[in-house]
Structures are given as C-alpha cells and as structure tokens.
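Only one structure is covered here, and it is reproduced in the block below.
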2 protein chains.
Amino acid sequence: METTARTRVPRNTLSAELIVASALNLLDQVGVEAFSLRALAKNLGVAPMTLYTYFRGKDELLDAVRDHALGAAALTTAYGGWQHQIRTICRRLRGQILEHPCLTGLLQQRPLAGHESAESAESLLKALVEGGFNAENAARAYTTLLGFVVGVTTLEVRLLEENRDPERREKVRQIMTGLPPERYPTLVEHAGALRQTVGGDTQFEFGLDLVIAGMEQRLILAG
Amino acid sequence: METTARTRVPRNTLSAELIVASALNLLDQVGVEAFSLRALAKNLGVAPMTLYTYFRGKDELLDAVRDHALGAAALTTAYGGWQHQIRTICRRLRGQILEHPCLTGLLQQRPLAGHESAESAESLLKALVEGGFNAENAARAYTTLLGFVVGVTTLEVRLLEENRDPERREKVRQIMTGLPPERYPTLVEHAGALRQTVGGDTQFEFGLDLVIAGMEQRLILAG
DNA sequence: ACCTGAACACCGTTCAAGT
DNA sequence: ACCTGAACACCGTTCAAGT
C-alpha cells in the first residue's frame, strides 16, 4: 500500500510521482467513477489548480496512473517453455488488476499503455514467437490473451464487489430466484454452481488452460 | 438506428421505453463518460427532473439501457452441436456490442443484466451441459466465455476508435516508433502485424477457436 | 400521475495573478 | 517554476410546487 499521502504536503515537496501515487490510492478506494481532481487536491492539501502544474488535465493524470499501476506487472522475467512464460505474465497482469481494482476502468477506457505495458507486450510476443507462431498468429494470440485476461479479471472484480455489498448481493439473489424455471431451466438449476465458481485462482486458471490448450493445438496445425 | 427521438415530445407521450431508446442513442454517440441526464432531457425536449418520474436515478436508467441494448442478442435460438451453439451465441453478443459501443462501458460497470442476459446465459449453459460438461465445469466455462467475449470485443472497440481518431492514431504511432528496439526487439519487429490484426471477424474467430478447442480437449479429459 | 423551476453541493477547466 | 482564488459552464439530485 506504500505511502498514503493523504495529509498536507509541505511546500515544494509536491511531485508528479506523489500525485500519481495518491491518485492511485484514491481511485482504488472510491472507483474511477467517483474520483475527482478536487478530491485528490484536498487529500494532498493543495488547491485544485495546483495539479495542472504537473499534468495537462484529468485524462493525462489517469494515463499516468494506469502506467504506474501497470508498472509492477513487468518487473520479473518469465522463464521456461512458452506456455509457462505466458502463464506467468498473464497471472502477473491479473494480480496487478486485483491489487488495483481501478485498473479495470482505466484499461477499459484506455487499453494502450506507454512503456510500462510495452514490457508485458514484449514478453508475451517473444514467448509466442519463440514458441513457433508466425507473425500474424503471434499478433492474434497476443491480442486474444490481453482481451481474455483483462475481460475475465474485470468480470471477477465486479462479481466480487457484488458479493461484498450486501444490498447488491441481495438484489442479485432476488433476480436469480425470481427467474421462471420453465423458461430458464438450466440457469436456475446451475445458479448454485455459478455462484460458487465466482472469482478465485481456480476459475482464472481454468480459462487460461483453455486458451493455452487451444494455442498448442493451433501451433501444431498451422504455426 | 430506429427512432431517434431528439425533438420535443408532445405532452403525455413520454415513456420509459422512449427514454431508454433515446438514452441508448445518446450514449452510443457521446460515450458513457460524457453522457448526462441533462443532455438527454434536452434531447427529449423535457426538464431534467421529468426523467425521475420514470427512473429512480441515473444508475437505474443505465441498467435499463444495458438490458435494452442486450435484448436483441437473445432473439434467435442456437442450433447444432454445442460448439456451434456457443459460436452462435458469442458472435451475437459481440455483434450487439459492436452495434452499441456504449455496452463496453455499461457491461464493465454492471456485468449482471436482468432477464435480457438470462436468455444468453441459459443458452450458453444449456449448450455446455448438453455437450457433456459437469455442473462445475459448465459454470466455469460459461464465466470464461462471457469474460472472453466482453474483454476481447471491448479491446476491439477501443482500438478501432483509436484508429478512427487521427490525433490519437498519431500519438499511438509515435509511441510505437519511439520504442527502443534493443529493449523491445520483438514488439518493434511485430508492430506492423499487431496493427494489421486489430479488429475484424478474423481476429475474433481466432480467439473463439482457441477457447472452444481448449474446451473440447477439456471435455475429453475430465467432462 | 406527470411535469416543472429553483436550489444545493458538486465537477473540470480557463484566466489572471501571486511567489 | 510553482501555486492560488475567482469564475464559468457544467453535473446529479432534493425539494416544494404546479397540473
């Protein structure tokens, strides 16, 4: 969790890094929706306009936060066969999103990151090319993996939030129990299984297994 | 595009359906971020507070819009083997997101839909169970498919938007060409392939093939 | 029931100004 | 350069009121 930076900052100690760290903190707490520059400025003990000395505006700040939050996902290097390398990188990306839930919103609005995400992209592409995929299929597999990891983890974060909030949890329960069984027989019968498989490493690994198994087969067939 | 409903509505002809249709229109035009109740009310030729006669607030309206936009994805029934059924449903879901790009934001914030999405869920689960998956694996496969389709299609929509906007397109190009080749050799070498595989049915089918191939193998191994 | 205007507490950002 | 207050054009929503 590092420095919270929620108290007044002494004069001339403000910096882009400090603002980004504090913004990430606030974003994870209140969500991308409720985040505001004015609230961030108040946390930093500074006038709203001060932030404009460091960033052109809200969008630029959010981009910086996304890159910063993504940065830690690119630290260690992957090893082993291409399957294992890909597993490692995807797990790391998911871990970073779980640690900073605001990444779901930030990545949805601006998928392309700067240098920080170039690290992950390089590692993934390298593993795929070394694994034997040709240029087109390596590119396609990369995009598939990125969309899959972000999509599945975003869904996971939202469902876990729904479970945490008692009010929303009750509302979801009501919708599910209110479904007419003659119209949605399978859904009603499997409601329990669906609830029990929400979130967790097992669910993520299940999906990752599917994609990688599909990639192995594809590699044998076409390269 | 149906009824645009952007002119003044005669007295007593306003309805929840009309508001939802107009809201969907505005949301697709300006995006979830820039959408506001006040702008919607202006489009409808009505005072902002009038909307509160039909919806408790903005969130409830957005939920209604999401369900409405998702509705058309559940119209036709899937047929054939479980693989073909799943393909059909996933393609339909993607098609609906492409037709209504605001669904990327709406589904990200509120993944669980009402009856409208129950239709898709029922079809997907039914195909999986009939295909031979046990309760747990059918539930896991369902969640994987949902996350995959929404995630990959969201990425597609964002990348296509980036290609459309000349300013953002140029910025992305600059970032890519500015990457040091000695640090990101694979990424730099495959920048062209990445650009060429952005969006389109081929890219989506590539990913869907991977997931379904993985599911076929999983079915043989474990049920 | 359906619809409204005024008001409240917000928001991002421009501008002119201070150090 | 770093930081500020006042102001502008917004926003969602509450409230009291009209038909």
Side-chain angles (χ1 to χ4, degrees), chain A residues 5-66 102 105-106 109-110 165 167-168, chain B residues 5-66 102 105-106 108-110 167-168:
Chain A
R6 203 157 300 110
T7 55
R8 172 172 281 275
V9 173
R11 287 195 156 262
N12 268 325
T13 53
L14 207 55
S15 69
E17 293 78 39
L18 200 64
I19 293 173
V20 166
S22 184
L24 177 56
N25 222 292
L26 185 56
L27 277 160
D28 279 335
Q29 277 177 40
V30 304
V32 181
E33 289 258 89
F35 171 82
S36 78
L37 292 184
R38 293 177 110 111
L40 174 63
K42 188 175 257 182
N43 274 1
L44 289 166
V46 113
M49 283 315 296
T50 306
L51 303 175
Y52 284 78
T53 310
Y54 299 88
F55 300 94
R56 209 184 299 275
K58 195 181 183 183
D59 282 357
E60 199 177 293
L61 172 59
L62 290 180
D63 279 353
V65 171
R66 178 207 54 196
C102 70
L106 297 179
Q109 283 169 37
R110 298 282 180 89
D165 182 1
E167 194 181 339
R168 286 186 60 74
Chain B
R6 202 157 303 108
T7 56
R8 172 172 282 274
V9 172
R11 286 196 156 260
N12 268 325
T13 52
L14 206 55
S15 68
E17 293 78 40
L18 199 66
I19 294 173
V20 166
S22 184
L24 176 56
N25 222 291
L26 185 57
L27 277 159
D28 279 334
Q29 277 177 42
V30 304
V32 181
E33 288 256 270
F35 171 82
S36 78
L37 292 185
R38 294 177 108 111
L40 174 61
K42 189 175 256 180
N43 275 0
L44 289 166
V46 112
M49 282 314 297
T50 305
L51 303 174
Y52 284 78
T53 309
Y54 298 88
F55 299 95
R56 209 184 298 273
K58 194 182 185 184
D59 283 357
E60 199 177 293
L61 172 59
L62 290 180
D63 279 353
V65 171
R66 177 206 56 195
C102 71
L106 296 180
Q108 194 259 331
Q109 282 169 38
R110 298 281 180 89
E167 193 181 340
R168 286 186 61 73

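Excluded from the calculations below are hydrogen atoms, water molecules and symmetry mates; all remaining heavy atoms, backbone and side chain alike, are included.
Considering only side-chain N and O atoms, A:Y52 lies nowhere under 4.0 angstrom from the phosphate OP1 or OP2 of D:dC3. Dashed line: the shortest gap from a side-chain N or O of A:Y54 to OP1 or OP2 of D:dC3 is under 4.0 Å.
Here B:E33 pairs with nothing under the side chain to side chain donor-acceptor pair (under 3.5 Å) rule; sequence neighbours left out. Under the side chain to side chain contact (heavy atoms under 4.5 Å, CB included) criterion, B:S15 pairs with B:E17, B:L18, not counting sequence neighbours. Partners of A:R168 under the side chain to side chain donor-acceptor pair (under 3.5 Å) rule, at least two apart in sequence or in another chain, are A:E162. Among residues two or more places apart in sequence or in another chain, the side chain to side chain contact (heavy atoms under 4.5 Å, CB included) test is passed with B:E60 by B:F55, B:R56. Under the rule for a side chain to side chain contact (heavy atoms under 4.5 Å, CB included), the partners of B:D63 that lie at least two apart in sequence or sit in another chain are A:K171, B:R66, B:R110. Judged as a side chain to side chain contact (heavy atoms under 4.5 Å, CB included), and not counting sequence neighbours, the contacts of B:F35 are B:A23, B:L26, B:L27, B:V30, B:L37, B:L40, B:K58, B:L61, B:L62.
Nearest nucleotide to the side chain of A:T50, out of D:dC2, C:dG5, D:dT4: D:dT4.
Atom CD of B:E60 and atom C1' of D:dT13 are 14 Å apart (whole Å). Taking atom CZ on A:F55 and atom P on D:dC3, their separation rounds to 13 Å, with Å as the unit. B:R56 places its CZ atom 15 Å from the P atom of C:dC2, with the value rounded to the nearest Å. When the P atom of C:dC2 is taken as reference, atom CG of B:L51 falls 14 Å away, rounded to whole Å. Counting to the nearest Å, the C1' atom of C:dT4 and the CG atom of B:L14 are 13 Å from each other. Rounded to an integer number of Å, the gap from CD of B:E33 to C1' of C:dG12 is 12 Å. Nucleotide C:dC3 holds its P atom 11 Å from the CG atom of B:L18, rounded to whole Å.
Looking at A:T53, its side chain does come within 3.5 Å of a backbone N or O of A:T50 through a donor-acceptor pair.
Counting only heavy atoms from C-beta outward, the side chains of B:Q108 and B:V32 never approach each other to under 4.5 Å. B:N43 has its side chain out of reach of B:N25: every pair of non-hydrogen atoms, C-beta onward, lies at least 4.5 Å apart.
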According to the Watson-Crick and G-U wobble definition with distances under 3.5 Å, which dot-bracket string, read 5' to 3', encodes DNA chain C, using [ ] for crossing pairs and | for pairs with another strand? ||.|||||...|||||.|.

Find every protein N or O atom lying less than 3.5 Å from an N or O atom of nucleotides 6-11 of chain D, and list the pairs.
residue : atom : partner : partner atom : Å
D:dC11  : OP1  : B:S36   : OG           : 2.7

